[in-house]
There are 2 protein chains.
Amino acid sequence: MVKQQQSSSHAGLFETVASQAALLGSPARLKILLLLAQSPRSVEALALETRESVANTSQHLKKLREGELVNVERSGVSRIYRLADERVALVVETLFDLAELRSTAYREASRLLVGQEELSPLSVEQMRREIQEDRAVLIDVRDTVESCETPVSGAVSIPLGELEAELIKLSRTKTYFVVCRGRACGQATQGVRLLRKKGLQAYRVKESPAALRLKARSLLASKPRKDTT
Amino acid sequence: MVKQQQSSSHAGLFETVASQAALLGSPARLKILLLLAQSPRSVEALALETRESVANTSQHLKKLREGELVNVERSGVSRIYRLADERVALVVETLFDLAELRSTAYREASRLLVGQEELSPLSVEQMRREIQEDRAVLIDVRDTVESCETPVSGAVSIPLGELEAELIKLSRTKTYFVVCRGRACGQATQGVRLLRKKGLQAYRVKESPAALRLKARSLLASKPRKDTT
DNA sequence: TGCATATTCAAGCGTTCTATTGAACAGTTG
DNA sequence: CAACTGTTCAATAGAACGCTTGAATATGCA
C-alpha cells in the first residue's frame, strides 16, 4: 500500500515519447533507419535492400516522416530520404546496445550471424591509439557510397567485394580493425574471416560509424590529440 | 536504381531488437519504467501511481519481464518489481532526449507541464562545480524512499511536501538546483517556483537521477576530483 | 484451517498495426 | 502530348495490442 501521488502528467508527455518510441518497434523500420544511418536513399533502394514491397516501405517511411525521424527531398523522379538528425542513428544504436545487454534472444541471433571470436578485444579508445601510432589499420568495408556519405575518421575504405584483391597490399606486421554498418551487419565479420584466412591479425569493430564519430568527438573533447588523416 | 545487396540478416536480429523497442512504445509502460527507475515497487503501487487497473499493470509488467527489462522478487504477500539494469533507465532517458530533440508534439506538451524559464542554463558539469565549490546546493525533491534508493550524489533530500517548511533554513546567497524524477516529472518545477517566490535563485535540473549518476561517473573518469559528500 | 490480500490468468472487445493489392498521382523523357 | 517511372494513396484481411471484467492462484495471518 502506497500513498497516492499525483502522476503529474496531465498532458500527453508520455504519449508523445511512446509514439516516437513505437516507431522503433518494427523490424522493417529499424532496417530502414540502419540503412539511412549510412547514407540517404530512395524508396526503391530501401525496398530492395530490406526485401519489402515498395508500397510497404513507403508507408513505413511515411510514419517515420510524421514522427520527424526522417526527412525527404525530391531529386528528379525519386524522393531521397535521410535521417532527420544524426542522433537518431545513435538512439537506434542504443537500442541494439540494450538488446545486446538484456536480450538472450538477441545474443543467440547475433551469435549465428556475426560470430564472437572476430570481435575486437580493444575499446574504441585503445583502437584509436593503435591506429594513430601506426600499429593498426582501420578498414571500412562498406560500399563507397556509404563510406563517403558517413565516413569513419581514420579509416581506409575497401568495400568487401574488393578486399580479396587488396589483400596482397596489406602489411603482415599490422593489426586490422574492420568496420561496417554496425552490430546487425555481417560484412565486417566476413572481412575479418577473409583477412584471418591469409594469416593477418584482424578484428571486427562492433560500433557503427555514427557511434564511432560520436566517441571520436567526445575523446577529442576530453583529451585533444593531433588528428591523423 | 541501386544494386541489390545482401541484407545479411537471416536470423531475427532486427526482430529481437524491435520486440524490445516495442516495449518502450507504450505510455503505460514508459510510466512504469520511469517509476521503477526511482525505486522498486509493487504492482499495486505502480497501478496507483499510473492510474491504471491492477490487472492491466500486471500484464504490462509481464511483458516487461519477458523482455528482460525488469525483475521480480517476492516480498511477503506482494511482488516487488525493479529494473533489471540501471542502463534500462538510461535508454528510456534517451528516448525522452530524442523526443525533446525531434518531436514538436513533445515540446508543446512539455511546455505545458514543466515550463521553460525554470530550466538551469548550466551544464551538468558546471552545476557540479558550483556545488562542489559551495556556491550552489542541489535539492532532491523526490520522496525519501526514492531519494534513498537512487540517491543523487551531492544532493540534499527535501521532499517537495517539506520544502516550504525548510525554506527558512536556506541561504539567500546560494543558487539552488532542483532535481526530481526527470523530464516528465513536474515536481522540480514546482520546487523551483516555490523557491523563486521567496526570492531565491533556483533552477530546475532536466536530467534524471540515473543520468546524473552516469554523468558523474564519466566526469570522474575523465578528470578525477575529490568527492564531496 | 480458513479468510484476506496481492497478483496473475483467461476471455472478450474495440482499436491499431502490418503487409498486400490495385489504382492514382506527379515529374521526366521521347 | 503520351508513355514511363518512382512514389503515394485507398481499401482490405489478419494479427497484435490495450484495457476491462471476473475468476483463479498463492502467500500471510488469525
Side-chain angles (χ1 to χ4, degrees), chain A residues 1-4 7 12 14-33 35-36 40-67 69-82, chain B residues 1-4 7 12 14-33 35-36 40-67 69-82:
Chain A
M1 205 70 81
V2 165
K3 73 161 183 284
Q4 185 143 356
S7 95
F14 286 91
E15 283 73 12
T16 59
V17 176
S19 72
Q20 238 181 13
L23 292 177
L24 307 172
S26 140
R29 284 192 294 265
L30 284 180
K31 284 179 196 168
I32 289 174
L33 290 172
L35 290 168
L36 293 182
R41 281 167 158 86
S42 68
V43 179
E44 190 186 20
L46 289 167
L48 267 173
E49 297 184 72
T50 60
R51 304 176 178 286
E52 298 282 343
S53 72
V54 171
N56 192 19
T57 304
S58 175
Q59 287 177 124
H60 281 303
L61 286 166
K62 185 186 180 189
K63 290 190 177 181
L64 291 172
R65 215 189 315 136
E66 287 166 350
L69 298 183
V70 307
N71 289 329
V72 215
E73 82 192 17
R74 319 195 58 114
S75 163
V77 64
S78 22
R79 255 155 259 206
I80 304 298
Y81 281 84
R82 64 180 69 234
Chain B
M1 202 69 82
V2 165
K3 74 162 179 285
Q4 184 143 357
S7 92
F14 287 91
E15 283 74 12
T16 60
V17 176
S19 72
Q20 241 181 9
L23 291 177
L24 307 173
S26 140
R29 285 193 293 267
L30 284 179
K31 285 177 195 167
I32 290 173
L33 291 172
L35 290 168
L36 292 182
R41 279 167 159 87
S42 68
V43 178
E44 191 186 17
L46 289 167
L48 267 172
E49 297 184 73
T50 59
R51 302 176 182 285
E52 298 282 342
S53 74
V54 172
N56 192 19
T57 304
S58 174
Q59 286 175 123
H60 281 304
L61 286 166
K62 185 185 180 189
K63 290 190 179 180
L64 291 173
R65 214 189 317 137
E66 289 167 350
L69 298 183
V70 306
N71 288 330
V72 214
E73 84 192 15
R74 319 194 60 112
S75 162
V77 64
S78 24
R79 254 155 259 204
I80 305 299
Y81 281 84
R82 64 180 70 235

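When reading the values below, keep in mind they use all heavy atoms of this one structure, side chains included, and skip hydrogens, waters and symmetry mates. First the proteins, then the strands, lettered A, B, ... as listed; each starts at 1.
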- Tell me: CD of A:Glu44 to P of D:dT8, nearest whole Å? 12 Å
- Can you see which heavy atom on A:His60 is nearest to which on A:Ala28, and at what distance? NE2-CB, 3.6 Å
- Can you tell me the distance, in whole Å, between the CG atom of B:Leu48 and the P atom of C:dA6? 10 Å
- Message: Is B:Tyr81 close enough to C:dT8 that one of its side-chain N or O atoms is under 4.0 Å from OP1 or OP2 there?
- Response: yes
- Note on the structure: Per-nucleotide protein contact along nucleotides 19-30 of chain C, 5' to 3', at a 4.0 Å heavy-atom cut-off (B base, S sugar-phosphate only, - neither), is BBB-----SS--
- Message: In whole Å, I'd like the distance from the CG atom of A:Leu46 to the P atom of D:dG6.
- Response: 14 Å
- Rounded to whole Å, the CD-P distance (B:Glu66 to D:dC17) equals 11 Å
- Spacing between A:Ile32 atom CD1 and C:dT18 atom P, to the nearest angstrom: 11 Å
- Decide, yes or no, whether a salt bridge links A:Glu49 with A:Arg41 under the criterion of side-chain N to carboxylate O below 4.0 Å. yes
- Using a heavy-atom cut-off of under 4.0 Å over every strand shown, decide if B:Ser78 touches base, sugar-phosphate, or nothing. sugar-phosphate
- Item | For atom CD1 of A:Ile80 and atom C1' of D:dG6, their distance in whole Å | 10 Å
- Take atom CZ of A:Arg65 and atom C1' of D:dT7, then tell me their distance rounded to the nearest Å. 10 Å
- Think A:Ser58 has a side-chain N or O under 4.0 angstrom from the OP1 or OP2 of D:dT7? no
- Taking five pairs at each end of the helix from C:dT1-D:dA30 to C:dG30-D:dC1, what angle separates the two helix axes (nearest 10°)? 20°
- Message: Any side-chain to backbone donor/acceptor pair from B:Gln20 onto B:Gly67? Under 3.5 Å, distance only.
- Response: yes
- Among A:Arg65, A:Arg82, A:Arg79, the one residue meeting salt bridge (Lys or Arg N to Asp or Glu O under 4.0 Å) with A:Glu73: A:Arg82
- Task: Identify the two heavy atoms, one from B:Ile80 and one from B:Pro40, that lie closest to each other, and give their separation to 0.1 Å.
- Result: CG2-CB, 3.6 Å
- N/O (side chain, B:Lys62) to phosphate O (OP1/OP2, C:dT7) under 4.0 Å: no
- Note on the structure: Among the nucleotides C:dC17, C:dT7, D:dG6, whichever has the atom closest to the side chain of A:Lys63 is C:dC17
- Under the 3.5 angstrom rule, does the side chain of A:Ser75 hit a backbone N or O of A:Ser78 as a donor-acceptor pair? no
- Residues in side chain to side chain contact (heavy atoms under 4.5 Å, CB included) contact with B:Ser53, at least two apart in sequence or another chain: B:Ala55, B:Asn56
- Message: In the structure I gave you, are the side-chain heavy atoms of B:Val17 and A:Leu24 within less than 4.5 Å of one another anywhere?
- Response: no
- Query: Nearest to the side chain of B:Val54 - C:dC17, C:dA6, C:dT8?
  - Reply: C:dT8
- Do you know which two heavy atoms are closest between A:Ala18 and B:Ser26, and how far apart they sit? CB-C, 3.7 Å
